[in-house]
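Inspection log for the structure reproduced underneath, given as structure tokens.
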Amino acid sequence: MPKAIHPSDFSFFSTLVSCGSLAAAAREMGVTTAAVSKHLAVMEARLGLMLVNRTTRRMSLTPEGEAYLEGARRILIQVDDLEDFLWGAKQTPKGLLRVNATLGLGRSYVAPLIHTFVQQFTDVDVQLQLSVTPPPLSDDLYDVCIRFGPPPDTRAVAKLLAKNRRILCASPEYLRRHGEPKTPEDLAKHNCIGIRQGDEYGVWRFTPCRAKGKSTAKAQERNIRIRGNLTTNDGGVAVNWALSGNGILLRAEWDVREYVEKGNLIHVLKGFDTPDADIYAVYPQQHRSTTRVKAFIDFLTASFDKTVVPKVE
């Protein structure tokens with residue numbers, strides 16, 4: 001009896017699902033959409049099962065397709081692990097690496113680093129996806145995600161790339177017109193630029209700066225509900241609004257450092273700490289041993305040492 005499952009189909013099906021459509025998969029594989037459709041149809045006919053629900057805009061997996069995908073990817077990971085075990089450091093990183101990053105950090109830092117990475121590791125193909133917030137681990141949309149803060153999901157591995165903090169800043173023009181806040185409570189009288197990213201939109205949290213050797217009690221934390229006439233989900237837009245004198249902005253230090261150094265933005269409320277924005281590389285447990293992921297994490301660790309900004313004083 002002919003075998004219904006062909007191991008050679010595993011990589012095809014995994015790529016097809018990652019791309020999200022027959023046409024996108026065809027572009028990724030360098031074949032026609034008709035060829036992808038035929039390959040899928042042959043697989044389904046051999047199995048006697050529907051793996052994919054096709055629609056005019058997008059496809060979705062049937063329950064059988066979900067099970068097939070999970071098994072296929074588990075086997076592909078085991079193959080990668082076996083290759084690493086057999087060849088170890090002698091193996092050249094190769095294959096598809098899916099990277100996710102937030103919009104601003106992705107454009108300013110991650111994209112240039114990937115440019116350098118693929119010049120060094122020419123057998124690795126990188127797909128960079130930029131998003132406002134990190135996608136859920138369960139969606140299997142990335143191999144490595146570069147994000148602010150460690151992941152809430154314990155199934156992921158988190159590698160600290162750089163310490164980073166958020167600072168409060170405004171343009172000299174805005175502060176001349178409206179005055180400089182002296183306490184977090186003073187922000188109620190100011191126009192605050194909101195960024196709709198994460199779960200804490202609309203509330204800024206402050207604690208008095210920690211003295212060396214002393215801890216700051218949790219009870220001292222101040223939660224300030226901000227108000228303002230400008231909000232966005234793009235950090236770059238928010239920085240430009242602050243530079244134009246539209247209000248006070250809470251932003252990751254890496255994004256505003258150069259403007260503070262030049263005097264285009266003024267660091268305010270220096271006596272208070274805000275929640276850290278440490279930068280992490282996050283990846284699923286099952287990808288930790290693949291050569292291309294390990295090479296990329298090592299590359300990021302060395303590169304962020306050189307690229308992430310020093311503290312603004």
Side-chain angles (χ1 to χ4, degrees), residues 101-110 130-134 145-152 158 160-171 174-175 180-188 190-211 215-216 218 220-228 230-243 246-282 304 307-313:
T102 55
L103 296 173
L105 185 68
R107 292 191 192 106
S108 300
Y109 284 87
V110 179
L130 302 183
S131 58
V132 174
T133 56
C145 177
I146 302 165
R147 56 168 286 161
F148 296 106
L160 177 65
L161 297 177
K163 300 291 290 183
N164 190 43
R165 60 175 179 168
R166 295 180 176 91
I167 66 172
L168 212 62
C169 55
S171 71
Y174 176 86
L175 296 176
E180 183 174 334
K182 302 302 181 185
T183 69
E185 288 73 18
D186 289 343
L187 293 172
H190 285 271
N191 198 55
C192 297
I193 298 171
I195 303 179
R196 291 183 177 272
Q197 293 177 357
D199 299 326
E200 296 186 358
Y201 165 72
V203 175
W204 290 350
R205 294 184 287 127
F206 299 88
T207 52
C209 287
R210 294 178 289 272
S215 63
T216 301
K218 183 73 174 177
Q220 291 181 299
E221 183 175 273
R222 306 182 193 184
N223 296 327
I224 306 299
R225 183 162 294 281
I226 63 165
R227 54 167 291 279
L230 291 173
T231 60
T232 179
N233 67 347
D234 188 289
V237 170
V239 170
N240 286 332
W241 282 342
L243 288 167
N246 287 292
I248 296 178
L249 175 68
L250 180 64
R251 189 62 183 157
E253 186 175 1
W254 65 268
D255 204 17
V256 296
R257 184 273 313 244
E258 66 173 297
Y259 302 115
V260 174
E261 288 182 346
K262 294 175 181 177
N264 303 123
L265 292 174
I266 305 297
H267 183 190
V268 299
L269 289 180
K270 294 181 181 180
F272 294 87
D273 287 327
T274 58
D276 292 333
D278 295 341
I279 302 171
Y280 284 81
V282 175
F304 266 83
T307 58
V308 169
V309 299
K311 282 191 175 181
V312 172
E313 301 298 344

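Because the structure is predicted, anything quoted here is derived from the model rather than measured.
- You'll find the side chain of Trp241 reaches within 4.5 Å of the side chain of Thr232, heavy atoms only.
- The CG atom of Leu249 sits 9.5 Å away from the SG atom of Cys192 when rounded to the nearest 0.5 Å.
- At least one side-chain heavy atom of Phe272 sits under 4.5 Å from a side-chain heavy atom of Arg222.
- Remark: Thr274 OG1 to Leu168 CG distance equals 7.5 Å, nearest 0.5 Å.
- In this view, Asn246 satisfies the side chain to side chain donor-acceptor pair (under 3.5 Å) rule with no residue, not counting sequence neighbours.
- Not counting sequence neighbours, the partners of Ser108 by the side-chain contact (heavy atoms from CB on, under 4.5 Å) test are Trp254.
- Take Arg227 and apply the salt bridge (charged side-chain N to carboxylate O under 4.0 Å, His left out) test, not counting sequence neighbours, and it matches no residue.
- Between the side chain of Asp186 and the backbone N or O of Thr183, at least one donor-acceptor pair lies under 3.5 Å.
- In terms of heavy atoms, Val268 sits closest to Pro181 at CG2-CG, 4.3 Å.
- The salt bridge (charged side-chain N to carboxylate O under 4.0 Å, His left out) search around Lys182 returns none, not counting sequence neighbours.
- Between Phe148 and Leu105 there is a side-chain heavy-atom pair separated by less than 4.5 Å.
- In this structure, the side-chain contact (heavy atoms from CB on, under 4.5 Å) partners of Ala170, at least two apart in sequence or on a different chain, are Tyr174, Leu175, Ile248.
- A distance of 4.5 Å separates OG1 of Thr207 from CG of Asp273, quoted to the nearest 0.5 Å.
- Note that the CD1 atom of Ile279 and the CG atom of Asn164 stand 4.5 Å from one another [nearest 0.5 Å].
- Within the 4.5 Å cutoff, side-chain heavy atoms of Leu187 are placed close to those of Phe206.
- Applying the side-chain contact (heavy atoms from CB on, under 4.5 Å) rule to Leu130 yields the partners Ala101, Leu103, Arg107, Leu128; only residues at least two apart in sequence or on another chain are considered.
- Checked against salt bridge (charged side-chain N to carboxylate O under 4.0 Å, His left out), Glu180 has no partners two or more places apart in sequence or in another chain.
- Summarising the geometry, atom OH belonging to Tyr109 is positioned 11.5 Å from atom OG1 belonging to Thr102; distances are rounded to the nearest 0.5 Å.
- Nearest heavy atom pair, residue Gly194 against residue Ile226, reads CA-CD1, 4.4 Å.
- Here Glu258 contributes atom CD and Leu265 contributes atom CG; the two are 9.5 Å apart, rounded to the nearest 0.5 Å.
- Of the candidates Lys163, Arg166, Arg165, Arg165 is the only one forming a side-chain hydrogen bond (donor to acceptor under 3.5 Å, both in side chains) with Glu253.
- Put simply, the side chain of Ile195 reaches to within 4.5 Å of the side chain of Arg251, judged on heavy atoms.
- Across Cys169 and Val256, no two heavy atoms sit closer than the pair SG-CG1, 4.2 Å.
- Legend: residues meeting side-chain contact (heavy atoms from CB on, under 4.5 Å) with Ala158, ordered by chain and number and at least two apart, are Pro151, Tyr280, Val282.
- Considering every non-hydrogen atom in both Asn191 and Gly228, the closest pair reads OD1-CA, 3.1 Å.
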